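Quick notes on the structure that follows.
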Amino acid sequence: MNLWIAVWSREWQLLFRQLQDLLQPLVYFAMVVMIVPLGTDPSADVLARLAPAVVWMAVVLAVVLSLDRLFRDDARDGTLAVLLTAPTPLWWVLLAKLLAHWLGLGLLLTMAAPLAGAAYGLAAPAVGVLLLTVLAGSLGLMALGMVAGALTVGVRNGGVLVAIILLPLYVPLLVFGAGAVGAVQSGFEGGGPVYFVAALSVLYATLAPPLAAVALRLSYD
């Protein structure tokens with residue numbers, strides 16, 4: 001438990017010590033949200049219809065951009081090698097990294113997404129659902145990203161490979177996350193898709209640390 005707390009505290013401190021790594025995905029999110037209206041009909045009705053897909057796609061791209069740092073620094077400074085030989089199960093330590101990453105960037109994206117949705121003209125109930133889906137869905141996105149990052153930790157310029165691996169896997173969260181917001185925006189119930197996004201994220205977050213631990217051990221063997 002002591003190592004779990006130490007890893008979680010270290011990750012949390014690194015997030016705010018290396019602010020550029022934390023803010024870059026957020027800036028990327030804002031750029032995607034702002035640039036889309038320039039290439040389409042900027043009328044209020046069109047923007048409101050596009051909002052769920054645009055905001056969710058911006059969240060996905062921001063998360064993918066952030067994954068490079070998940071294991072990069074630990075592999076460079078030897079921390080990862082120490083964790084691999086520690087008596088504490090590696091998956092337990094990776095769970096601390098995942099939760100710290102989610103509580104840092106995930107919550108920032110969760111706060112930014114409703115603002116983007118409101119700027120696109122989403123109604124208040126749809127903005128609320130957007131907040132819930134991004135809050136839950138960002139955990140699943142990062143959990144899948146952890147596995148992909150572990151698989152490519154030893155690969156030079158692995159960021160492109162991570163994106164290729166992840167984008168197809170992100171489709172269910174993207175479809176149901178954006179679909180829930182679109183359904184509420186159209187006057188339907190969005191509870192089912194919201195529950196599905198939350199359940200899928202919990203499943204991914206449960207499976208990801210053990211799978212990433214196996215991938216890291218294979219990479220270092």
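Just so you know, these numbers come straight off a predicted model, no measurement behind them.
Leu99 is not connected to Leu14 by any chain of hydrophobic side-chain contacts under 4.5 Å among Ile, Leu, Val, Met, Phe, Trp and Tyr, and they are in different clusters. Grouping the Ile, Leu, Val, Met, Phe, Trp and Tyr side chains by contacts below 4.5 angstrom, directly or via other members, places Phe188 apart from Val197. One hydrophobic cluster, built from ILVMFWY side chains closer than 4.5 Å, holds both Leu107 and Leu26. Linking ILVMFWY residues whenever their side-chain heavy atoms come closer than 4.5 Å, directly or via other members, leaves Leu200 and Val202 in distinct clusters. Note: the hydrophobic cluster containing Met31 does not contain Leu22 (ILVMFWY, side chain heavy atoms under 4.5 Å, direct or indirect links).
Contact of the Val7 side chain with the Leu83 side chain is registered, since non-hydrogen atoms from C-beta on lie closer than 4.5 Å. Inter-residue side-chain proximity for Tyr120 and Pro37 is flagged as met; some heavy-atom pair is nearer than 4.5 Å. Val127 is not listed as a side-chain neighbour of Val181, based on a closest heavy-atom distance of 4.5 Å or more. Counting heavy atoms from C-beta on, the side chains of Met146 and Lys97 come closer than 4.5 Å. Trp4 is listed as a side-chain neighbour of Leu95, based on a closest heavy-atom distance under 4.5 Å. By the 4.5 Å heavy-atom criterion applied to side chains, Leu61 and Phe29 are not counted as neighbours. Side-chain atoms of Val55 and Val32, non-hydrogen and from C-beta on, never get closer than 4.5 Å to each other.
The CG atom of Leu47 lies 10.0 Å from the CG atom of Leu122; values are rounded to the nearest 0.5 Å. Going from atom OH of Tyr204 over to atom CG of Leu169 covers 7.0 Å, rounded to the nearest 0.5 Å. Atom CH2 of Trp56 is separated from atom CG of Leu141 by 5.0 Å, given to the nearest 0.5 angstrom. Remark: Leu94 CG to Leu216 CG distance equals 6.0 Å, nearest 0.5 Å. Taken from CG in Leu103 to CG in Leu108, the straight-line distance is 10.5 Å, to the nearest 0.5 Å. Atom CD1 of Ile165 sits about 11.0 Å away from atom CG of Leu144, to the nearest 0.5 Å.
For Trp8 against Ala96, the heavy-atom pair with the smallest separation is CD1-O, 3.4 Å. Contact record, Ser201 with Ala136: OG-O, 2.7 Å, taken as the closest heavy-atom pair. Taking each heavy atom of Gly121 and Ala48 in turn, the nearest pair found is O-CB, 4.1 Å. Here the closest heavy-atom approach between residue Val54 and residue Val36 is recorded as CG2-CG1, 3.8 Å. The two residues Ala163 and Val64 come nearest to each other via the heavy atoms CB-CG1, 4.0 Å. In plain terms, the two heavy atoms of Ala126 and Gln185 that are nearest each other are CB-OE1, 3.3 Å.
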*Please report the C-alpha distance between Asp74 and Arg10 in whole Å, then the side-chain angles of each, then the deciding distance to 0.1 Å, and finally whether the salt bridge (Lys or Arg N to Asp or Glu O under 4.0 Å) criterion is met.*
CA-CA 11 Å; Asp74 288 348; Arg10 178 177 180 273; 2.9 Å; yes
*Report the C-alpha separation of Asp45 and Ser43 in whole Å, then their side-chain angles, then the decisive distance to 0.1 Å, and conclude whether the side-chain hydrogen bond (donor to acceptor under 3.5 Å, both in side chains) test is met.*
CA-CA 6 Å; Asp45 290 344; Ser43 63; 6.0 Å; no
*Could you give me the CA-CA distance, side-chain angles and deciding distance for Val63 and Tyr170, then say whether side-chain contact (heavy atoms from CB on, under 4.5 Å) is met?*
CA-CA 11 Å; Val63 169; Tyr170 280 171; 3.9 Å; yes
*Could you walk me through whether Trp102 and Ser138 pass the side-chain hydrogen bond (donor to acceptor under 3.5 Å, both in side chains) check?*
CA-CA 7 Å; Trp102 178 54; Ser138 57; 2.9 Å; yes
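The neighbour count for Ile35 CD1, taken as heavy atoms of other residues, nucleotides or ligands under 6.0 Å away, does not exceed 12.
Checking side-chain atoms of Thr85 against main-chain N and O of Val82 turns up a donor-acceptor pair under 3.5 Å.
Checked options Leu130, Leu132, Leu105, Leu135; the residue passing with Thr110 is Leu135 (criterion: side-chain contact (heavy atoms from CB on, under 4.5 Å)).
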